[in-house]
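Side chains are part of it too, since the values below use all heavy atoms of this structure and drop only hydrogens, waters and symmetry mates. Letters go in sequence order (proteins before strands), and every chain restarts at 1.
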Amino acid sequence: MRDVMSEAQEQTKKRAKRREYVDPDLRKYGTTAPEQSYEDDPHRLSDDMKRRMLGAGVMLDETGARSGTFIQVDQTPVHVSSVQDGVELLAVRDALAKYDWLSDYWWRAVDSGADEYTASVDKANANGYFMRALPGQKTMLPLQACLYLGTEGLAQNVHNIIIAEEDSELHIITGCTTGPETESGLHLGVSEFYVRKGAKLTFTMVHNWQAGIAVRPRTGVIVEEGATFLNNYVIMQPVQDIQTNPKVWCVGRGATASFNSVIAGHPGGRIDVGSRVFLEAPESRTEIVSRAIVNGGEIIARGYIEGNAADVKGHLECRGLILNEGGIIHAVPELRGAVAGIDLYHEAAVGKIAEEEVQYLMARGLTRDEATSTIVRGFLHVDIEGLPDALNAELQKAIDSSENDLM
Amino acid sequence: MDEVMLSVRDLHVEVGDVEILHGVDLDIRYGETAALFGPNGSGKSTLLMTLMGFPKYVITRGSIEFKGQDVTTLSVDQRARMGMGMSFQRPPIVRGVKTRDMVLACLRREASESEIRDMAATAGLSDFLDRDVNYGFSGGELKRSELLQLMAQNPDFVLLDEPESGVDLVNIAVIGELINKLLQKEVRIRERHHAGLIITHTGQVLDYVSARTGYVLIDGVITCTGDPQEILTTIKQNGYEECCRCVM
Ligand SMILES: Nc1ncnc2c1ncn2[C@@H]1O[C@H](COP(=O)(O)OP(=O)(O)OP(=O)(O)O)[C@@H](O)[C@H]1O
Ligand SMILES: [Mg+2]
């Protein structure tokens, strides 16, 4: 009996030790990267580069599927093009020079002093992309952006501004990736979103890092009256360490914010991802749905909804699937209501694949492996309402192509 | 065909360390449909789940022979691929897996969208292909979904656990038709190959699907064998006690 006890204590200690965790040390990363030359035709980028980018949903050989393309390598935008009237796509530094009013949006949705990583982006005078849908302009074809970390050991700084003006519609796909040989690096990305009255903005982000990369996205979103913000996030490939917890304020009546995340954890990796939504205006709504799957490493899936106005609705759902021993999923759903007449609820479930379901499929003639992968594929199936069909299909493709690495 | 397809001998089965079946003997011939009656909790589902091979049902004694092969230790999927199929009394929900994908998986071959649609239409489930398997299905829809999957799987021996319970009067006819297809009832008896074992409480399904043999299972033992309609009438008139006393 004593042995059992001490063994259990030993195990607990071991687990606790794993959870002791140190944030990446900024001083360990370089800040300067080689200058990059501008490329008029992104098709001419190296095949290696294009392959890595494609793995993050950025298509350079079939640009017909995009209304514009932005590529930043390390600290430098290397390609910016847009083929669509009604949307603007610029390097954010060029946009700041062009529009005086843009300074009102600079560090408004994200606090530059929030932490050392955010401050470092501020200090670095980072570049990034500026995307804007003009009032009333609805563009179904997505804009794409790629943030590419190429230089070994670099801290890449990025600062993006995205504005969907009144009654506009804008779809964006952003891929973040590294060079094929880049083993370590730190990606620091600030993104500020402004979804104006009646506008709809969808933002789909695919991460395609490597096992030695640390990532600190810092995101703020302001959603106005009757506007919709839809955020999709997919990470299927290994990464060393991600920590991000976007803040969203629904400030106008009927504003809506939705988050869908599909997160795969691999041995040695740590992914701490959440979203915080503040429902500040009457009838504003949010839905945060995440699916986490681990075959090793740790995923912390957070969600926080705060209801501060009448008749707001919020739903938080986290489902976690642990494929084998050694993987940890930690779901942290939080709700805070500060007025009467609000409706917030959450569901969280973490477990292994239900044996009953596996057996059920086996009774139809599937082998155990086939049954298991069918269930996993189902778990990772996305069908996001409000996302154009083509983007839904692309998202599913990004997930499917990495599925086998998990099993 | 008079050859035996399924042969069960002295089957003892435990669930969670409790013995539920205490020595069941059963023979089902090629082309034969048998009905299984018995009070709640008597072990009917246990028998079907055991025949199908679910590991929760532990065989402590006896044997199951299927198509001349001892399958007592074979896994569920091995038995399924040998031609066994089952419709569940309470099938699980499989989130994320679309009914269409399930039908395709059961088919185990390529199939056109129109073929899948036709099958779904036969089961009255045209609008269900894009829904997660069994998720939010009504009682009757679950039963039809089970039969849809079985049609795709096309087993030659079907185990049906209360296929008509919770099904409305109109849909019972649909269910009956699907089962008749599964059991090749349109084929002349001499050439019929498919066989089945159907659990039913009310016998309603037997108005559509003819069964040759009836069995009564009470407290984990088969107490009576005979003409299914006669057994039903006896149960309706005298309850199960009469079956207990029945000397086979
Ligand atoms: N996991 C389990 N642990 C203990 N007992 C179980 C377990 N599963 C089933 N049983 C018991 O085994 C007995 C037989 O159950 P079974 O489901 O086979 O009955 P049934 O004849 O199909 O009943 P019904 O007509 O209600 O469907 C019941 O008493 C049931 O409670
Ligand atoms: Mg039963």
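- Proximity of a side-chain donor or acceptor of A/E370 to a complementary backbone N or O of B/A105 within less than 3.5 Å is not detected.
- For residues 117-153 of chain B, the ring pair (Phe, Tyr, Trp, His ring centres under 6.0 Å) pairs, not counting sequence neighbours, are B/F128-B/F137.
- Neither the backbone nor the side chain of B/M82 comes within contact range of chain A; no heavy atoms are under 4.5 Å apart.
- Residue contact with chain A, scored on non-hydrogen atoms closer than 4.5 Å, involves the side chain of B/L150 exclusively.
- Open room surrounds CD on B/E177; 12 or fewer heavy atoms of other groups in view lie less than 6.0 Å from it.
- Looking at B/K98, only its side chain comes within 4.5 Å of chain A, counting heavy atoms on both sides.
- Across every non-hydrogen atom of B/G96 and A/H381, the tightest pair is O-CB, 4.1 Å.
- Contacts between A/R291 and chain B at a heavy-atom distance below 4.5 Å are absent for every atom of the residue.
- With respect to chain B, the highest number of heavy-atom pairs below 4.5 Å among A/E356, A/E355, A/R377, A/R319 belongs to A/E356.
- Using a 4.5 Å cut-off on side-chain heavy atoms (C-beta onward), A/Y360 and B/V133 make contact.
- Taking every heavy atom of both residues into account, A/L366 and B/R81 meet most closely at C-NH1, 4.0 Å.
- Of the listed residues (B/D101, B/V76, B/I93, B/D132), the one with the most heavy-atom contacts under 4.5 Å to chain A is B/V76.
- In B/E113, the CD atom is crowded: over 12 heavy atoms of neighbouring residues, nucleotides or ligands sit closer than 6.0 Å.
- Taking 4.0 Å as the cut-off between side-chain N and carboxylate O, B/E146 and A/R364 count as a salt-bridged pair.
- Here B/C106 is the residue among B/C106, B/A152, B/P155 with the most heavy-atom pairs under 4.5 Å with chain A.
- Residue B/E186 qualifies as enclosed at atom CD: its count of foreign heavy atoms under 6.0 Å is above 12.
- Residue with the most contacts toward chain A among B/M86, B/M52, B/Q149: B/Q149 (heavy-atom pairs, distance under 4.5 Å).
- The shortest heavy-atom contact between B/V97 and A/I375 is CG2-CA, 4.2 Å.
- For B/R95, the parts lying under 4.5 angstrom from a heavy atom of chain A are both the backbone and the side chain.
- No more than 12 heavy-atom neighbours from other residues, nucleotides or ligands sit within 6.0 angstrom of NZ on A/K313.
- Heavy atoms closer than 4.5 Å to chain A are found in the side chain of B/N134, but not in its backbone.
- Applying the side-chain contact (heavy atoms from CB on, under 4.5 Å) test between B/D77 and each of A/T367, A/V358, A/D369 identifies A/T367 as the sole match.
- Here the closest non-hydrogen pair linking A/A363 and B/A80 is O-CB, 3.4 Å.
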